[in-house]
Amino acid sequence: MTKEINVPIAQDWLKEFCNAVIGLEDYLNELDAAVGDGEHGSNISTGARTLLEEFKSSHHEELGDFFEFVGMTIINSVGGASGALYGTFFLRLSDITANKSSADLAVITDAFTSGLQGIMELGGVKPGDKTLVDALEPAVSSLVVSVKNSDDLLQAFSKAHYAAEFGCAATAQMEARKGRGSYQGQRSVGHIDPGATSMAALVRTFSQAIATDRSPIA
Amino acid sequence: MTKEINVPIAQDWLKEFCNAVIGLEDYLNELDAAVGDGEHGSNISTGARTLLEEFKSSHHEELGDFFEFVGMTIINSVGGASGALYGTFFLRLSDITANKSSADLAVITDAFTSGLQGIMELGGVKPGDKTLVDALEPAVSSLVVSVKNSDDLLQAFSKAHYAAEFGCAATAQMEARKGRGSYQGQRSVGHIDPGATSMAALVRTFSQAIATDRSPIA
Amino acid sequence: MNAPEVVVTEYLLGLEAAHPEVIEFNQESRIIQRRSLPSQPKVGLISGGGSGCEPMHSGYVGFGGLDAACPGEIFTSPVPAQIMAATQRANMGRGVLYVIKNFGGEIMNFGLSAEIMKRKGIEISKVVVNDDCSFPADQLDRRRGLGATILVEKIAGAAAERGDNLSQVTAIAKKVIANSRSFGIAFNSCTTPKLGRPIFEMPEDEFDIGTGIGGDRGHLRSKMVSADDIADILIKQPALELDFASNKRLIVLLSGLGSTPSIELYTLSGIIQKKLESNGTLAVRTLVGNLITSLDSFGVIATFLIADEELLELYDSPINTPSLRWGR
Amino acid sequence: MNAPEVVVTEYLLGLEAAHPEVIEFNQESRIIQRRSLPSQPKVGLISGGGSGCEPMHSGYVGFGGLDAACPGEIFTSPVPAQIMAATQRANMGRGVLYVIKNFGGEIMNFGLSAEIMKRKGIEISKVVVNDDCSFPADQLDRRRGLGATILVEKIAGAAAERGDNLSQVTAIAKKVIANSRSFGIAFNSCTTPKLGRPIFEMPEDEFDIGTGIGGDRGHLRSKMVSADDIADILIKQPALELDFASNKRLIVLLSGLGSTPSIELYTLSGIIQKKLESNGTLAVRTLVGNLITSLDSFGVIATFLIADEELLELYDSPINTPSLRWGR
Ligand SMILES: Nc1ncnc2c1ncn2[C@@H]1O[C@H](COP(=O)(O)OP(=O)(O)O)[C@@H](O)[C@H]1O
Ligand SMILES: Nc1ncnc2c1ncn2[C@@H]1O[C@H](COP(=O)(O)OP(=O)(O)O)[C@@H](O)[C@H]1O
Ligand SMILES: [Mg+2]
Ligand SMILES: [Mg+2]
Ligand SMILES: [Mg+2]
Ligand SMILES: [Mg+2]
């Protein structure tokens, strides 16, 4: 059973994520059309395609370097609000995993916690504002509990994944207070947030990557 | 039975015509939409409204003056191709009826013949080009025959009216070679020409005016 | 948004209010005229046509452009009373050039006016713009005046401004006409205030080839094609008639028909320029925007003018009108 | 007309080709930059935002305007790589002003870039334009950057051109922001290349109040009203916030959202001016056209700036950009 992640596993995670959002491009655009400007799917897929292309030639030993590379690639290929936010998330992961070639649940939880904070700071959002934070925050809370309970990595991320999906679904009831959706005020209620949907996919693909892991550490 | 027209009868004619085309405004616009730019009804109605207004204060003894006044009013209120053409028609009527306080069928036929020529010259059109000429020309030919046959004025204009309506209907089979309809080429076939339709109304209202005439000469 | 009866008047009032230094709306005569006449008498330039084709022509009144414009009702040529008032305003004793687009209504109304004005002792010269080459050359009658009208107004306007006499200004205008061709396409019909609906229906996946202004539909309908193919359609006939192969320097205008977004216009003009260049022809000047329109039609008119040194110099010289301004 | 992936690039190529003397498209960095830097070092000005809002911002690059613009994908803010390239291009040693519209994406991407650029020793100053007063003043976050952005670029651009230093240029920009308000309405939704259909549905007889750019819908839907009522809606909140009653001289911008015909725009701007005048307020300058758009949206954004002598002088000074040009 996978107890830690390393660069190959992290890269598997990101690949799964990239393929997932590319598959969701139209769906995410449609979600964004209901509350925003109809291009979250395309934005995030552009980043995903760039990442997949970069992975063909990239090579990193340490998680810190790998996540910095991921963060910078996203920041400089996605644009919009989501590019800066997703990018910042990975830059924070990079800070916490600096000089590490592997990370266990505790470190990963620290990293995700820091990533969440980075997003909340940069975006000026709190939970309940109907953004990707509403998928990420429940996931991070769940991870924190898992660390306390000494769950194994897969257990922890399975729970985190459910928390994220649950949080994402809950955005339907929220009124957007940040981002383009906020311009609609009450009219945003009744629609799931596109950023929360892609963020839930980020958490889900993490558990996928560690479940199907074929790396030597496994 | 009316044998001649004078200014009051001519004015009755024009009033009948004005009311007729105002009533036809939308229909003529629709006809023009099919082959042109959808405003023949509005153009000609603008002129009609102006004329009706002017008639309230205008006063002319001689037909020549009256028709010049009508022609100039139309020219300076209608615009488009039809304003210049209808205006010219009346200016030609004015030339032929200059210094006359009344006109019989022979004079009227001369006047209409000259009016037709004026339109054909100014517009550079011949019969068959799918224009108002295709209503006017058969009417004029019919008047010429009526003069030969010594028809009375009402008979002559009843026949001329049918000839005009017939000619107007026949424009449906024609391809426009002049005016906006011509830009459509073959696609103009199948639609009645709006100008021919208003021109048929001009001939029809002449017979109406002399039939319902209440003037001293009657 | 407004009652059909007042549409044109309200527009003209708005135009005047927005450009008070350059033009004024002479409400009595229903013309747009230059705010102040030039200090030196020059040849006058006037034009006019149906409204709904903005900024044509009122947007081109001012220094280096027209002296007056006669706006008709929507898609209806102006009446002689307007044209004569404009003539008298524009006449500074050196004669007046009428820039007429080849539409029956304009030919007739400007023609009638010219006759009367000449009798009043004003020297009148007329040019008829017929740059539309979507109809074959043996159907000259059908060749409408399109984008070249703007070039005539700009270039002949500059010639008048520098002091040319009436026959010189007329010759320049004719040179522009002889050396320019336009071609238009459209993806829909405009909606006129009077009809309150599109003049004609156009299926989503089709477009019209050979479109004019004033609500005209094109004379060939086709299934939708790529921007690249559209560029080819727009270039083909002008290239043949103006012999781009030998005349390698062009002024190119690309006008939207009223509701074509800027991003689409520049995209298309970029493709056109690339195509020209790959054939060794250079667009030495390019003008892109809503220059001659048809209410809210979605489409374009491309205009090409062979640019020799004389025309280029006049084109480049200063102009200050509501819709074209440079050098001042 | 074109594949969504190439829409922006093709537009930028077309813009460059049409205005080669003024701007160039730096393809590697994906920015539009002034063709030649001024002879005297001056404060640099850059801006950027989602494409689809043309001519914003690329159309305002040139003498007296921006030094570089960063066009993002359709309705997507640019990425820091672009912004940093633009910063480096615009930096002539006297610092660079970022003109940021109040959208999360722009705040964040310009913010990230500023941090990095400052570390590289470039002096950066930022202003956030939030002239949209369709949201109440206690929801500052939601107040988007609209037409005032053009005024900031024009007026701060002129200040930079005359040699002001970074803090002076920044102060001017802030003064413009503090003294301007915008309000938008729209009659439909634009169609984005990616979705291939309107972002949202709007019944024929309704319209949106409080519309922004970038495909935003308004936040209040209403039944269709007259042009006169629309003018009232556009004026009301700006008049309150800028106190038109005491500040009697304004610069007024009326921008179409992309597919609003010129005749409608001038009609509306005329009505607005008349209403202002009847309250004793004067539009001393008026700019009407497609200035800041949202693809093919049909609607308008009205922007009002209190014009004191300083701002007016800077507004009037020469500018030569693809979309704004006067005095040169
Ligand atoms: N200020 C913010 N803080 C956190 N998340 C945000 C913020 N603004 C937007 N988002 C998230 O980004 C998503 C939209 O991303 P995207 O469509 O790519 O960018 P944009 O909103 O600039 O068009 C939203 O659904 C929301 O989850
Ligand atoms: N050159 C012409 N000669 C004769 N009649 C013409 C000519 N051009 C147009 N017409 C007539 O004018 C009618 C259209 O008039 P109208 O719609 O008012 O003007 P426009 O064609 O300028 O829009 C046509 O139906 C046709 O009968
Ligand atoms: Mg979005
Ligand atoms: Mg017509
Ligand atoms: Mg017409
Ligand atoms: Mg966006």
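Excluded from the calculations below are hydrogen atoms, water molecules and symmetry mates; all remaining heavy atoms, backbone and side chain alike, are included. Protein chains get the first letters and strands the later ones, always in sequence-line order, with residue 1 at the start of each.
A salt bridge links Arg187(B) to Asp208(C): at least one charged side-chain nitrogen sits closer than 4.0 Å to a carboxylate oxygen.
Contact check for Glu39(B) versus Ile74(C): no side-chain heavy atoms found under the 4.5 Å cut-off.
With a threshold of 4.5 angstrom between heavy atoms, Pro78(C) approaches chain B through N, CA, C or O but not through any side-chain atom. For Gln186(B), no part lies under 4.5 angstrom from a heavy atom of chain C. Residue contact with chain B, scored on non-hydrogen atoms closer than 4.5 Å, is absent for Ile83(C). With a threshold of 4.5 angstrom between heavy atoms, Ile213(C) approaches chain B through N, CA, C or O but not through any side-chain atom.
In this structure, the side chain of Asp37(B) does not engage the main chain of Gly215(C) through any donor-acceptor pair within 3.5 Å. The backbone N or O of Gln184(B) sits nowhere less than 3.5 Å from a side-chain atom of Arg217(C) that would complete a donor-acceptor pair.
Of all heavy-atom pairs spanning Arg197(C) and Ala33(B), the tightest one is NH2-CB, 3.9 Å. A pairwise comparison of heavy atoms in Ala84(B) and Asn109(C) identifies CB-OD1, 3.9 Å as the closest pair.
The line from CG of Asp32(B) to CD1 of Ile199(C) is 8.0 Å long, rounded to the nearest 0.5 Å.
Classification of the Phe103(C)-Tyr183(B) ring pair by plane angle, with boundaries at 30° and 60°, yields perpendicular.
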Q. For Glu30(B) and Leu195(C), what are the C-alpha separation, side-chain angles and deciding distance, and is it a side chain to side chain contact (heavy atoms under 4.5 Å, CB included)?
A. CA-CA 8 Å; Glu30(B) 290 296 329; Leu195(C) 288 174; 3.7 Å; yes

